[in-house]
Amino acid sequence: MAQTLDLGSRVELVSMDPHFDDISIALYSPEDSGPPCYQVHTYSRLPGVTERVAGVGHAMQVLGGIEQTSDGPLSFSCGHAHQLAVKRLFLEACKLPPEQPIEPRPLHIFDKKANATIAIDSLGQGLYEARATEQVRGVERRVATIARGLIRLGEMDEIADQPNQVRFGCGEAHDALIGLLLIRAPNVRAAMREAESMASRGVLSAPSSQE
Ligand SMILES: [Zn+2]
């Protein structure tokens, strides 16, 4: 099978897919004249690999609200890249067991450090606000920490004098993406470490080395 696809640059890598024979699976950003887009790809030719790649793409759509036209690349309707958030989206999509149903994550999370639930409200035009659902000691600091986590993980903008508010630079709502980033927002450093280890377990094999 010839590689006719122009994959562009590699955005993220899972060097050993835990749910498919430890294959390397990667996310690329095909360079096109259109808006930024992404393509899940593997050089593996194992039987069933096409379905696995399609499954990861599907999980990215459900979990992150990224869209796909037929079998084409994935992109956001706002036309922005949101590349850091997409890296996280890809990693989370690869981690999910393919046999389980995939649902978007809720816009709230139980924060162990605060011992309270922290919710994110969409205020429109890409603006979101974190808030505690109950007032317990120290929870406001955790709310601000989680807002900062979203800024780091999603390349979101901070809002002057509003430590609990964050905004997507595109000015559009991405609720599913916020729900996904929220899982890691309480501990950004652990999220960064995890991304490194998922990429470095082995190396992506070029097609020639798998003949
Ligand atoms: Zn956007």
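Counting starts at 1 for both ligands and their atoms, following the listed order.
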Enquirer: Test your reading of the model: is there a side-chain donor-acceptor pair from H19 to the backbone of K95, 3.5 Å cut-off?
Expert: yes
Enquirer: For D22, give me all partners under salt bridge (charged side-chain N to carboxylate O under 4.0 Å, His left out), at least two apart in sequence or on another chain.
Expert: none
Enquirer: What number of protein N, O or S atoms occur at distances under 2.8 Å from the Zn ion (ligand 1)?
Expert: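 That number is 4, waters not included.
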Enquirer: Which residues pass the salt bridge (charged side-chain N to carboxylate O under 4.0 Å, His left out) test with E129, sequence neighbours left out?
Expert: none
Enquirer: Could you list the residues that satisfy salt bridge (charged side-chain N to carboxylate O under 4.0 Å, His left out) with R148, not counting sequence neighbours?
Expert: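 Residues passing salt bridge (charged side-chain N to carboxylate O under 4.0 Å, His left out) with R148: E158.
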Enquirer: Backbone N or O of C37 within a donor-acceptor pair of the S29 side chain at under 3.5 Å?
Expert: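 Between the backbone of C37 and the side chain of S29 there is a qualifying donor-acceptor contact (under 3.5 Å).
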Enquirer: Ion pair present between R184 and E92, side-chain N to carboxylate O less than 4.0 angstrom?
Expert: yes
